[in-house]
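The structure appears below as structure tokens.
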Amino acid sequence: MNSLVAVFGAPTPFTHALHELGHGMVSVLLGIPTHAHVNDFETMQNAWANAATAEGRNLFMVSEAPKAALSNLFIRARVKSIIAIEPFDALVAHLKSSQSLDFVSAVRRASLYGSLMHDLACSPSSLLITHQWLNRDLMRVISEMAEFLGLACTPDDSQAILTLLLGDAASVVSLRDYIIRKFPDSRAILVADRGLTSWEHRTLKATSHGYDTLQQGERIQQVEWNTAFFINHDQAHKSLAEPIDLIGPPRIVIFGPYLHLPEGEWEAEIDFKVTESYSKNELMIDALVFLDGNNLSNPRINFQLPESGRFKIHLKFQNTPVIASLQIRFHLTTGAIEGVFELSRVVVRRINVPPS
Amino acid sequence: MKLLPSRQRDNEKQQLLFSDTMPKAVTSTNSGAAELPTKALSVRNICKDYHTNIGLRRVLDDVSFSVAPGEKIGVLGRNGAGKSTLVKIIGGAELPTSGTIERGLFMSWPLALSGGFDGNMSGLANTKFIARIYDKPVDDMIAFVDDFAELGAQLKMPVKMYSSGMRMRLAFALTLAVDFECFLIDEVTAVGDARFNKKCHEALFERRAHCAMVIISHDIGTIKSYCNKALVMKNGRAKVIEDIDFAISIYQGL
């Protein structure tokens, strides 16, 4: 085995562009590598074994959704890796348009990718490439990637890489130009409004802020889950848009948001408003970590709803693994003849960092 | 004294009976108590407080509903929700702490209630007494009770000698002997053995299907079979729900 070059990133044009640049770079500098798409440890082992017997003996690896064991391998072995981290809203916009997802589903998927990349993005052995790099000269991007990986790359090598990838590269001067030339549909996502509606921007703003710390290589510490990502059980599973009339049998009144967080201990701070709850309604709030039909964790709080007022409660939960979707569920545990419940705000905060 | 038609006399008498005991009306602010037909049982913003060893306890809290002629409302709620207190107040046995009741319908006492009997008097004497109170032809009422209660010669025995079943049959017959417009039914919809039970059901729900009823019952089948709407009670609060199945689903989760 000569070299292992790995590029991690959500499946977007931005990441694909980095795949191409990385692959071209390895091809020119080290020879044609074995290319592998890897998301788990076992596939990685196989790819490694295959590359060892191949002619070039170099492995170029891409991963869009690395599982914890694979990430941990790279982090603990301090394997230098290139990590593509995009702004959360750009990732949402891309997933929405390219995979025909509705907005909320795109947010859920984006939170999964963000959480899967979390530990690698925070690792000192990673080179984070973000949208800050979009306006950089492509030659510089290539040389910085090569330098980080410890590969000697002269200007002639960089030019050779560009020629390999583009043929005539005269009109391509920046990473942005390269992405747009290779993936014309990505143009809208690389501009400020991402092609999202103003409502989508407003809804996404606070949540994006939480996940975007990754762009600085910093851990996700706090994420606000907009209440629009929750679901009103009484209205045929529509997004939560207004206060809930509690009248009715015992039931789950609100659930969701099926977003993802990095592994660790978290605390949800839940703000809500109650009015007209005069007949001692009882609520149970639980956090459900759910994977493949199994409840992995289910801490809960039971309490009697006050008649009216604004309240805040805290619910701790353990999130593992990252691919488990998270729910905060609001159960009305007794039948209600009156009462209005309004979920005002949900913020999740990390309370303990898992040992690395 | 000018003679009035029987029904009009019944109504006037009942209003008179309650006029001394009813509290002053309070101003209604409840949106549920909108324009109602004048001929209706109308309960508005009823509150009932009891002084207990552990302080003031509110048993009914701003309860409002109405029952129009022929309408049947089921009252659902767990034990302690305030149902029986509500019956006592509607029946006039207790006064509300605040709120008003307009009995625009000729109201029964709670069906099969035997608490009003004088045990030393015979069933026959009790029947005569009720007939006079409600200004009914005595012979007609005796004939009805004798036929319905099937007590035979025992109707002439003191009520205190009756078994509980006999007592219930007499009470049931007496309630049906008066042409009430609205029956107040607290759990009891039938008494006696299976045959008498069937007779009670037919007399109440078939021959008096045109009458209004306030039916308090834990029996979902009864509520579902006979009621047009439900009053679901919880911790002294109450809500009228037009969809019976929805009301039952709430009740079952209380």
Side-chain angles (χ1 to χ4, degrees), chain A residues 230-238 240 242-255 272-286 288 298 300-311 327-343, chain B residues 29-33 43 45-49 56-65 73-83 85-86 97-99 216-218 220 223-224 227 229-254:
Chain A
F230 287 81
I231 297 161
N232 178 351
H233 187 270
D234 291 349
Q235 292 185 349
H237 292 207
K238 283 183 181 170
L240 187 62
E242 53 194 19
I244 304 281
D245 188 345
L246 293 177
I247 185 168
R251 64 201 187 279
I252 294 176
V253 288
I254 299 171
F255 62 98
F272 60 92
K273 182 183 173 187
V274 183
T275 52
E276 299 170 14
S277 179
Y278 303 112
S279 43
K280 299 178 182 172
N281 292 320
E282 288 175 17
L283 204 69
M284 190 263 278
I285 302 179
D286 70 347
L288 182 63
N298 191 208
R300 59 188 65 189
I301 298 173
N302 289 280
F303 58 98
Q304 185 177 300
L305 273 182
E307 288 186 8
S308 64
R310 289 181 179 277
F311 304 92
Q327 284 189 74
I328 306 281
R329 303 186 300 180
F330 299 77
H331 308 244
L332 185 67
T333 57
T334 55
I337 57 170
E338 59 194 345
V340 176
F341 181 86
E342 182 177 0
L343 182 62
Chain B
T29 55
N30 191 305
S31 58
V43 175
N45 309 106
I46 289 292
C47 293
K48 179 66 181 177
D49 297 334
L56 199 64
R57 181 165 175 255
R58 175 151 289 192
V59 178
L60 294 177
D61 184 6
D62 201 22
V63 175
S64 296
F65 66 96
I73 187 168
V75 182
L76 294 165
R78 287 179 59 180
N79 293 333
K83 301 186 300 294
T85 305
L86 181 64
T97 305
S98 63
I216 294 171
S217 180
H218 289 289
I220 299 304
I223 298 292
K224 205 167 175 174
C227 296
K229 61 183 182 182
L231 182 78
V232 184
M233 299 192 69
K234 184 182 180 189
N235 292 308
R237 302 276 300 172
K239 176 89 174 178
V240 175
I241 295 171
E242 304 283 345
D243 181 337
I244 287 289
D245 288 331
F246 185 56
I248 288 171
S249 73
I250 296 174
Y251 163 69
Q252 288 176 324
L254 288 175

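Chain identifiers are assigned alphabetically (A, B, ...) following the order of the sequence lines, protein sequences preceding nucleic acid strands; residue numbering begins at 1 within each chain.
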Review item, side-chain donor-acceptor pairs of residues 243-254 of chain B, under 3.5 Å, at least two apart:
residue : atom : partner : partner atom : Å
B/D243  : OD1  : B/D245  : N            : 3.0
B/D243  : OD1  : B/F246  : N            : 3.1
B/D245  : OD1  : B/K224  : NZ           : 3.2
B/S249  : OG   : B/F246  : O            : 2.6
B/Y251  : OH   : B/H218  : ND1          : 2.8

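- More than 12 heavy atoms of other residues, nucleotides or ligands lie within 6.0 Å of NZ in B/K229, so this atom counts as buried by the packing criterion.
- A/I247 touches chain B through backbone and side chain together, each having a heavy atom under 4.5 Å away.
- Annotation: residues 232-241 of chain B contacts chain A through B/V232, B/K234, B/N235, B/R237, B/A238, B/K239, B/I241 [non-hydrogen atoms, separation under 4.5 Å].
- In summary, the side chains of A/R300 and A/N298 do present a donor paired with an acceptor at a separation below 3.5 Å, with no hydrogens or angles considered.
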- prompt: Does the side chain to side chain contact (heavy atoms under 4.5 Å, CB included) test come out yes or no for A/L283 and A/F341, once each step is laid out?
  reply: CA-CA 10 Å; A/L283 204 69; A/F341 181 86; 3.6 Å; yes
field: Audit row: B/C47, B/N45, side chain to side chain contact (heavy atoms under 4.5 Å, CB included) steps and yes/no
entry: CA-CA 6 Å; B/C47 293; B/N45 309 106; over 6 Å; no
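- Within a 6.0 Å radius of CZ in B/R58, other residues, nucleotides and ligands contribute more than 12 heavy atoms.
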